[in-house]
> 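Have a look at this one before I ask anything.
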Number of protein chains: 2
Amino acid sequence: MTRTSLSREEVLETAGALVRQHGPAALTMRKLAAELGTAVTSIYWHVGNRESLLDALVERTVRELGEIRPHGRTPAARIVSVATALRRELRERPHLIAMVHERGLTERMFLPAQQALVHEVHRAGLRGAAAARVVRAVQFQVVGHVLVERYRERAPAQHPGEDELWHTAPAEHDPALARALARPPDPERLFAASVRALVDGLLAQPR
Amino acid sequence: MTRTSLSREEVLETAGALVRQHGPAALTMRKLAAELGTAVTSIYWHVGNRESLLDALVERTVRELGEIRPHGRTPAARIVSVATALRRELRERPHLIAMVHERGLTERMFLPAQQALVHEVHRAGLRGAAAARVVRAVQFQVVGHVLVERYRERAPAQHPGEDELWHTAPAEHDPALARALARPPDPERLFAASVRALVDGLLAQPR
DNA sequence: ACCTGAACACCGTTCAAGT
DNA sequence: ACCTGAACACCGTTCAAGT
């Protein structure tokens with residue numbers, strides 16, 4: 001059983017599918033070769049080695065990140081809409097962030113959202129270093145939040161029997177607070193509220 | 001050359017040192033055995049396997065996390081001081097966060113700071129779900145920020161020749177903004193400003 | 001230009017055998 | 001109770017040999 005000749009494109013395609021489904025750790029050269037129906041060593045001819053294969057994969061995924069169109073009336077609302085859109089883009093590619101960071105492409109990944117943010121922050125009347133600060137703060141906030149969210153999702157059981165631990169200090173006298181903290185957070189709402197607060201706070205700060 | 005009999009304690013100690021210096025990926029059972037001067041298989045008798053060795057390491061590090069004492073005058077300042085202290089604790093254990101998350105111990109790691117935060121948020125006059133939201137938002141903010149910071153530090157070159165990419169849109173007419181964004185951010189100051197803005201925004205939100 | 005299998009140096013883990 | 005080496009199934013990568 002022979003197969004049509006292998007191409008770099010096909011290697012990337014198949015590797016990408018494996019990463020999307022099972023994460024980068026599950027991408028072994030041998031499994032990839034099996035999937036492709038070739039000898040392991042053929043892959044090396046096309047993509048060099050595992051590391052540069054992943055590099056190429058990340059490159060391509062980053063390029064895929066769509067342009068971001070803000071919407072909303074107030075400057076704050078428009079900035080929040082950019083954050084929300086960025087979060088969605090990142091969550092659609094669950095393995096991207098970590099891979100991007102490991103390769104030093106964080107700034108590059110930030111770009112589409114950054115341009116939109118710069119525009120909106122400018123519209124909000126901020127200039128220079130103050131404007132840059134807002135842009136950066138929002139970027140860090142979004143990426144950080146998505147990272148924590150993803151970690152929490154992958155995590156098993158979470159909070160092993162820590163209900164008891166809550167019965168301390170002020171939480172005792174505020175059962176609604178204790179209950180709220182015992183429940184797992186709703187990341188979507190938490191994200192919206194946090195970004196909103198961050199942006200409000202930043203725009204209110206002295207310049 | 002024989003050695004005094006191995007103990008679980010000694011295995012954890014040595015493994016911990018290796019992880020602190022070179023990260024969890026560098027901890028191989030064989031290197032650890034070499035370090036300890038025993039056969040690889042001896043380790044298995046004491047700690048089961050690599051995974052439970054790492055579990056134990058994380059357990060112990062989480063327990064090490066110190067209590068957090070807020071300071072400052074205003075409620076906002078005190079909450080920010082908790083965030084800052086938590087950030088410091090986490091940065092002192094650079095490999096902890098990822099390992100904690102992978103093991104579903106996020107909530108546990110949050111605990112010391114959480115208790116302090118609950119107390120301060122209560123003092124600020126918040127109750128119930130609104131208080132919980134502030135606590136969670138600050139926790140996510142801190143952990144997320146530290147994660148992004150760490151990724152950036154480990155990253156190589158960062159922003160490969162993207163100065164040009166900046167010469168677009170509004171940045172063109174605001175050279176101070178363009179310059180500020182071209183420079184790598186100062187994470188310490190960015191963190192302080194972000195947390196401050198977040199807390200201000202949260203405390204100002206309608207309840 | 002492209003593909004191959006053999007071989008090397010590394011992993012984590014199991015197991016029967018030692019004391 | 002504790003330690004050992006041999007062995008197994010996996011890695012990524014190199015290389016000489018094929019077409």
Side-chain angles (χ1 to χ4, degrees), chain A residues 1-60 95 98-104 154 156, chain B residues 1-60 95 98-104 154 156:
Chain A
M1 185 69 167
T2 57
R3 41 152 299 143
T4 90
S5 86
L6 195 60
S7 72
R8 177 182 164 86
E9 193 50 36
E10 193 189 353
V11 172
L12 289 178
E13 200 66 39
T14 307
L18 286 178
V19 169
R20 262 191 304 280
Q21 287 171 48
H22 308 107
L27 179 71
T28 76
M29 301 303 266
R30 285 173 155 91
K31 274 191 213 137
L32 179 54
E35 193 80 13
L36 288 165
T38 50
V40 202
T41 41
S42 304
I43 302 173
Y44 283 82
W45 197 91
H46 288 282
V47 298
N49 58 24
R50 183 173 184 275
E51 198 45 33
S52 51
L53 166 55
L54 287 175
D55 284 351
L57 240 41
V58 171
E59 264 292 336
R60 128 181 331 214
H95 305 290
M99 296 174 73
V100 159
H101 277 123
E102 277 156 18
R103 285 165 181 77
R154 275 186 303 173
Chain B
M1 184 68 166
T2 57
R3 41 153 300 143
T4 89
S5 85
L6 195 60
S7 72
R8 178 183 164 86
E9 194 48 38
E10 194 188 353
V11 172
L12 289 178
E13 199 65 40
T14 308
L18 286 178
V19 168
R20 263 190 303 281
Q21 288 171 48
H22 308 108
L27 179 71
T28 76
M29 301 303 266
R30 285 171 155 92
K31 273 192 211 136
L32 179 54
E35 193 80 12
L36 287 165
T38 50
V40 201
T41 42
S42 305
I43 302 173
Y44 283 82
W45 197 91
H46 287 283
V47 297
N49 56 25
R50 183 172 184 276
E51 199 44 34
S52 51
L53 168 55
L54 287 175
D55 284 351
L57 240 41
V58 170
E59 263 293 335
R60 127 180 332 212
H95 305 291
M99 295 174 72
V100 159
H101 278 123
E102 278 156 18
R103 285 165 182 75
R154 275 187 302 173

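Hydrogens, waters and symmetry mates are skipped; everything else that's a heavy atom, side chains included, is used. Note that this is a predicted model, so its numbers are computed, not measured. To find a chain, count down the sequence lines: A is the first, B the second, and so on, and within it residues start at 1.
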> Identify which nucleotide among C:dG12, C:dT4, D:dT13 has an atom closest to any side-chain atom of B:Tyr44, counting heavy atoms from C-beta outward.
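The answer is C:dG12.
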> Given C:dG12, D:dT4, C:dC3, identify the nucleotide with an atom nearest to the side chain of B:Ser42.
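Nucleotide nearest to B:Ser42's side chain: D:dT4.
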> Please give, in whole Å, the distance from D:dT14 P to A:Asn49 CG?
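After rounding, the reported distance stands at 7 Å.
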> From C-beta outward on A:Leu6, which listed nucleotide comes closest to its side chain: D:dA7, D:dT14, C:dC3?
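Side chain of A:Leu6 sits closest to C:dC3.
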> Indicate, yes or no, whether a donor-acceptor pair under 3.5 Å links the base of D:dG5 to the side chain of B:Thr41.
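Under the 3.5 Å cut-off, the side chain and the base do form a donor-acceptor pair.
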> Within this structure, what is the NE2-to-P distance between B:His46 and D:dA1, rounded to whole angstrom?
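It works out to 12 Å between those atoms.
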> Round to the nearest Å and state the distance from A:Glu10 atom CD to C:dC3 atom C1'.
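Those two atoms, CD and C1', are 14 Å apart.
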> Take A:Leu53 and A:Leu32 through the side-chain contact (heavy atoms from CB on, under 4.5 Å) test and state the conclusion after the steps.
CA-CA 11 Å; A:Leu53 166 55; A:Leu32 179 54; 3.6 Å; yes
> Heavy atoms, side chains only, cut-off 4.5 Å: are B:Val19 and B:Met99 in contact?
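B:Val19 vs B:Met99: side chains touch.
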> Is any side-chain heavy atom of B:His22 closer than 4.5 Å to a side-chain heavy atom of B:His95?
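No; the side chains remain at least 4.5 Å from each other.
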> Mapping B:Thr38 and A:Thr28 to their closest nucleotides on DNA chain D, which lands nearer the 5' end?
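On the 5' side of the pair lies B:Thr38.
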> Quick check for you: among D:dC3, D:dT13, C:dG12, whose closest atom lies nearest to any side-chain atom of B:Arg30?
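That would be C:dG12.
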> Quick check against the 3.5 Å criterion: does A:Arg50 have a side-chain atom that pairs as donor or acceptor with the backbone of A:Leu27?
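Confirmed, A:Arg50 side chain pairs with A:Leu27 backbone.
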> Applying the Watson-Crick and G-U wobble criteria at under 3.5 Å, what pairs with C:dC15? Answer none if nothing qualifies.
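By the stated definition (distances under 3.5 Å), D:dG5 pairs with C:dC15.
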> Consider the side chain of A:Lys31, meaning its heavy atoms from C-beta on, and name the nucleotide among C:dT4, D:dC11, C:dG12 that approaches it most closely.
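Between C:dT4, D:dC11, C:dG12, the one nearest the side chain of A:Lys31 would be D:dC11.
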> Rounded to whole angstroms, how far apart are CD1 on B:Ile43 and C1' on C:dC11?
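The distance from CD1 of B:Ile43 to C1' of C:dC11 comes to 13 Å, rounded to the nearest Å.
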> Taking CG from A:Leu32 and C1' from D:dT13, how many angstroms apart are they, rounded to a whole number?
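Rounded to whole Å, this separation is 15 Å.
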> Can you tell me how far P of C:dT13 sits from CD of B:Glu51, to the nearest Å?
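Atom-to-atom, B:Glu51 to C:dT13, this comes out as 8 Å.
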> Side chain of B:Trp45 only, heavy atoms from C-beta on: which candidate in D:dC3, C:dT13, C:dA1 is closest?
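Of the candidates, D:dC3 comes closest.
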> Would you mind reading off the distance between A:Met29 atom CE and C:dC3 atom P, rounded to a whole angstrom?
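Rounding to the nearest Å, CE of A:Met29 and P of C:dC3 are 14 Å apart.
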> If you look at every strand shown and take non-hydrogen atoms under 4.0 Å, does A:Leu27 touch a base, only sugar-phosphate, or nothing?
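The answer is sugar-phosphate, as A:Leu27 gets under 4.0 Å only of primed atoms, P, OP1 or OP2.
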> Between A:Ser52 and A:Asn49, is there a side-chain donor-acceptor contact under 3.5 Å, judged purely by atom types and distance?
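A:Ser52 and A:Asn49 do have a side-chain donor-acceptor pair below 3.5 Å.
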